[in-house]
Structures are given as C-alpha cells and as structure tokens.
Amino acid sequence: MREDNCIFCKIANGEIPSKTLYEDDKFRVILDLGPATKGHALILPKDHYADLLELPEESAGDVMKLAKKMVLKFKEKLGCEGFNLVQNNGDLAGQTVFHFHLHLIPRYRADGQTIGWKPQEVSGEELEEIKNQIVG
Ligand code: AMP
Ligand code: ZN
C-alpha cells in the first residue's frame, strides 16, 4: 500500500535515503530535515496512510509504543529533559506531508522553541454547551 508520488512512502521504504534511527517491517524512524531541536525525528509507517484517521487502530497503538522506545533513547543518548509528540492532520492543522507521521521533538533547557497554542477564554456555560455538542 504505497502511493506513487509520496515522498514519505519512498523514504519509509528506503527508495530515498534518510538518516534512519530505527527500522522494522512496519516503520522507519528518521531525523527531520528541518528540526525544531536536536534529534527531532519522525515515525513513518511503511504503508501509506494520509493521516491518523486512515491509520489502522493496531498501527496507532504500535506508533505510541515505538514513540516511547525512541524518546527513552533520546533521554539516554541526547540528554533531553522532556519531549513533545506532535501529529498534524489536515492542511489547516499544519500538515504539509500527507503521509501519516508522528513528530518526536526532544526538549532541552532554553532550546528556544515554543510548541503550543494561545489559550482562549471560555465560560463554564460554553464548556457545557460544547460538551453536549460532542457527547450529548
Ligand atoms: P508536517 O508539517 O507535520 O506535515 O511535517 C512535515 C515534516 O516533514 C516537517 O517537519 C519537515 O521538516 C519534514 N520533512 C519534509 N521532507 C522531509 C524529508 N525529505 N526528510 C526528512 N524530513 C522531511
Ligand atoms: Zn506515502
């Protein structure tokens, strides 16, 4: 299940070289070419799924297990003190490569990065309304 013009299909399957940190029959973990911090990596499934909604449930579980394994290595080898997992879905959400990938971003004291959002004000009534909209 590969897509012809997908760069991450080609990287994940070794047709385009990458700085590979880990590989098994289902996944490849590579260093991001435009890293937020030292060691910024991407988990790529070898099969093509555009985003999280296309990723099979079992693979979603495998991705999280692999993320844990990798960030433990980052702590041990790079000495990061924390890490962010980032996963963008849809161009509105900042996705630029439409082959599922999970960003693993090691964090260091004073690394100069801010990964987050601007908190908005919301009332208790609004939260209740939103809750009901989703689960009501
Ligand atoms: P996103 O914005 O979540 O789709 O992230 C795409 C990420 O892929 C960015 O962080 C890019 O720096 C990275 N990227 C794009 N092309 C390559 C490539 N050929 N090798 C490694 N990383 C790449
Ligand atoms: Zn692909």
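Remember, it's 1-based here, ligands and their atoms both numbered in the order they're listed.
At least one N or O atom of Val97 sits closer than 3.5 Å to an N or O atom of ligand 1. An N or O contact shorter than 3.5 Å links Asp32 to ligand 1 by distance.
Between Lys26 and Glu58 the shortest side-chain heavy-atom distance falls below 4.5 Å.
At least one heavy atom of Gly94 sits less than 4.0 Å from an atom of ligand 1. A heavy-atom separation below 4.0 Å is not found between Phe98 and ligand 1.
Side chain to side chain, Glu3 and Asn5 fail the donor-acceptor criterion of an N or O pair below 3.5 Å.
Short contacts between ligand 1 and Leu42, defined as distances under 4.0 Å to a heavy atom of the residue, involve ligand atoms 8 (O), 22 (N). Applying the 4.0 Å criterion to heavy atoms of Gly34 picks out, from ligand 1, the atoms 12 (O). Proximity to Ile11 (heavy-atom distance under 4.0 Å) selects the following atoms of ligand 1: 18 (C), 19 (N), 20 (N). Contact atoms of ligand 1 toward Asn88: 1 (P), 2 (O), 3 (O) (distance under 4.0 Å to a heavy atom of the residue).
Only protein N, O or S atoms were scored, and 4 of them lie under 2.8 Å from the Zn ion (ligand 2).
Using a 4.0 Å cut-off between charged side-chain N and carboxylate O, Lys73 and Glu76 make no salt bridge.
The number of heavy-atom neighbours closer than 6.0 Å to CG of Leu92, taken from other residues, nucleotides and ligands shown, is 12 or below.
Contact annotation for Leu31 and ligand 1: only backbone heavy atoms (N, CA, C, O) come within less than 4.0 Å of the ligand.
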So Val29 and Thr20, side chain to side chain contact (heavy atoms under 4.5 Å, CB included) or not? Walk me through it. CA-CA 6 Å; Val29 184; Thr20 295; over 6 Å; no
